[in-house]
Amino acid sequence: MPDARANDVLAVDGLTVRLAAHPDQATILDDVSFTVAQSEVLGIVGESGSGKSMLALSVMGLLPPALSMTARTIALLGNELLGQPREVWRAHRGRDMAMIFQEPMTSLNPVMRVGAQIEEVLRWRGRLRGTEARKRVLELLEQVEIASPRSRLNAYPHELSGGMRQRVMIAIALAANAKLLIADEPTTALDVTVQAQILDLLRGLRREFGLSLILITHDLGVIAEIADRVMVLYAGRVAEIAPVRTIFDAPAHPYTQVLLAAIPDINERRPRLATISGTVPNAATMPPGCRFAPRCSWRQEVCEQAPPPVRALSPDHAAACPRPFGELPAETPK
């Protein structure tokens, strides 16, 4: 894993999440480490059940009581959050970090007008009231490119389209000038045209405000379009982390390779689409070695004995595989 840097907005080291009632039997996230630099977009990919959303909730301090979390460090803007009371996490949420949830219809209050929901954040985080708050709400709706923002102030969430609701969620996230935005599948339920608009919006906000972004998605096309680095998660462990170009051009972990192979290619005629046999293991029935080993065509005996560590293949590329693809042989001493 790359070492933490001075300009990191977020640094997470050794994050582990377990079922509180059975900590020795069910590990949901296991020793996950990563950093996010200022203005960087970190994409997180993996199948359903890989722990992507759980990772986001852990960073936000929103885990349910049934889960317990440990780590060596969780530092936001240089401030250590690990071991701090809930009030400290709450003070950072909205102000320094914000989250866009996967389905805005279930995240927005259905009986509050959208303008009032954005204004509520401004009252608590920006200390704005009355005319000043309303003016700022209009500015935010314009920033997220909602058409006719003044007429949308008094709309209820159900009166807006899915794309508009997602833009309202982004406006709420920006209301307190958060430095880190975590977007959990922000384009999944949207058609491709609206998806492109949301991605363009996120790119523009990144340029304008220096926003750092953690983007969780199943769509590797989205990752290719917007991410700077990619972290591949599998069954709660980091499989690989590298710059986006490296992930697509020279993936090192077998899981990353099969994910890329499963992408349909309109220029290639195949009798059937590539698939990954098997399923992601349940948290209570994880294999003792590499968690991907039961589904891996390249597994070796060592893969089934102990979990492989995430080790550096180059200064900005790391993978958790005993013999990753593309690894250069050690130089022969002269």
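Keep in mind that this is a model prediction, so the values were computed, not measured.
At distances below 3.5 Å, at least one donor-acceptor pair connects side-chain atoms of Q117 with backbone N or O atoms of N109. A distance-only check finds no donor-acceptor pair linking the side chain of R150 to the backbone of L138 [under 3.5 Å]. At least one donor-acceptor pair under 3.5 Å links the side chain of R295 to the backbone N or O of G278. Using modelled atom types, one side-chain atom of T217 and one backbone atom of D219 make a donor-acceptor pair closer than 3.5 Å. The main-chain N or O of A252 is found under 3.5 Å from a side-chain atom of E240 such that the two form a donor-acceptor pair. Using a distance-only test at 3.5 Å, with no hydrogens or angles considered, no donor-acceptor pair links the side chain of R165 to the main chain of S107. Of the possible donor and acceptor atoms, none in the side chain of R229 sits under 3.5 Å from a partner among the backbone N and O of L42. Panel note: side chain D228, backbone V41; a donor-acceptor pair is recorded below 3.5 Å.
Counting all heavy atoms, side chain and backbone alike, I74 lies closest to W89 at CD1-CH2, 4.2 Å. What you find for R291 and D30 is that their closest heavy atoms are NH2-OD2, 3.7 Å. Taking every heavy atom of both residues into account, C290 and P287 meet most closely at O-CG, 3.8 Å. Considering all non-hydrogen atoms of both residues, L77 and K179 come closest at CD1-CG, 4.0 Å. Summarising the geometry of A71 relative to L82, their closest heavy-atom pair is O-CD2, 2.9 Å, with the distance given to 0.1 Å. Counting all heavy atoms, side chain and backbone alike, A318 lies closest to V310 at CB-CG1, 3.8 Å.
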F209 vs L181, side-chain contact (heavy atoms from CB on, under 4.5 Å): CA-CA, chis, key distance, verdict: CA-CA 12 Å; F209 300 107; L181 180 61; over 6 Å; no
Please step through side-chain contact (heavy atoms from CB on, under 4.5 Å) for the pair R323 and Q300, ending with a clear verdict. CA-CA 9 Å; R323 294 189 62 185; Q300 305 168 42; 3.5 Å; yes
Would M60 and D184 satisfy side-chain contact (heavy atoms from CB on, under 4.5 Å), going step by step from the backbone distance to the final call? CA-CA 12 Å; M60 291 293 293; D184 187 3; over 6 Å; no
Given H253 and V232, is the side-chain contact (heavy atoms from CB on, under 4.5 Å) satisfied, shown in steps? CA-CA 9 Å; H253 197 281; V232 182; over 6 Å; no
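Within 6.0 Å of atom CZ in R129, more than 12 heavy atoms from other residues, nucleotides or ligands are found, so the atom counts as buried in its surroundings. By the neighbour-count criterion of 12 heavy atoms within 6.0 Å, atom CD of E208 is densely surrounded, having more than that number from other residues, nucleotides or ligands. A 6.0 Å sphere centred on CZ of R136 holds more than 12 heavy atoms belonging to other residues, nucleotides or ligands.
For the pair P186 and L215, the minimum side-chain heavy-atom distance is below 4.5 Å. Proximity of V238 to F34: side-chain heavy atoms (C-beta onward) are nowhere separated by under 4.5 Å. Between M286 and T27 the shortest side-chain heavy-atom distance does not fall below 4.5 Å. P324 has its side chain within reach of L313: a pair of non-hydrogen atoms, C-beta onward, lies under 4.5 Å apart. Between L10 and S212 there is no side-chain heavy-atom pair separated by less than 4.5 Å. Counting heavy atoms from C-beta outward, T70 and R18 have side chains that approach closer than 4.5 Å. Contact of the M231 side chain with the L55 side chain is registered, since non-hydrogen atoms from C-beta on lie closer than 4.5 Å. Counting heavy atoms from C-beta outward, R113 and L153 have side chains that stay 4.5 Å or more apart.
Note that CG of L201 and CD1 of I146 are 9.5 Å apart. Values are rounded to the nearest 0.5 Å. Going from atom CE of M69 over to atom CD1 of I28 covers 12.5 Å, rounded to the nearest 0.5 Å. Between atom CG of residue L29 and atom CG of residue L233 there is a gap of 7.0 Å, rounded to the nearest 0.5 Å. Going from atom CG of L220 over to atom CD1 of I263 covers 4.5 Å, rounded to the nearest 0.5 Å. Atom-to-atom distance recorded for L76:CG and Q84:CD is 12.0 Å, nearest 0.5 angstrom. Between atom CD1 of residue I100 and atom CE of residue M169 there is a gap of 7.0 Å, rounded to the nearest 0.5 Å.
Not a single salt bridge (Lys or Arg N to Asp or Glu O under 4.0 Å) links E120 to another residue, sequence neighbours left out. Residues forming a side-chain hydrogen bond (donor to acceptor under 3.5 Å, both in side chains) with E304 (at least two apart in sequence, or on another chain): R299.
Criterion: ILVMFWY side-chain heavy atoms under 4.5 Å apart, direct or through other members. Under it, L140 and Y156 are not part of a common hydrophobic cluster.
Pairs engaging residues 270-304 under the ring-ring contact (aromatic ring centres under 6.0 Å, His included) rule: Y234-F292, Y255-F292, W298-F325 [sequence neighbours left out].
Side chain to side chain, D31 and T16 fail the donor-acceptor criterion of an N or O pair below 3.5 Å.
Ion pairing between K135 and E132 fails under the 4.0 Å rule for side-chain N and carboxylate O.
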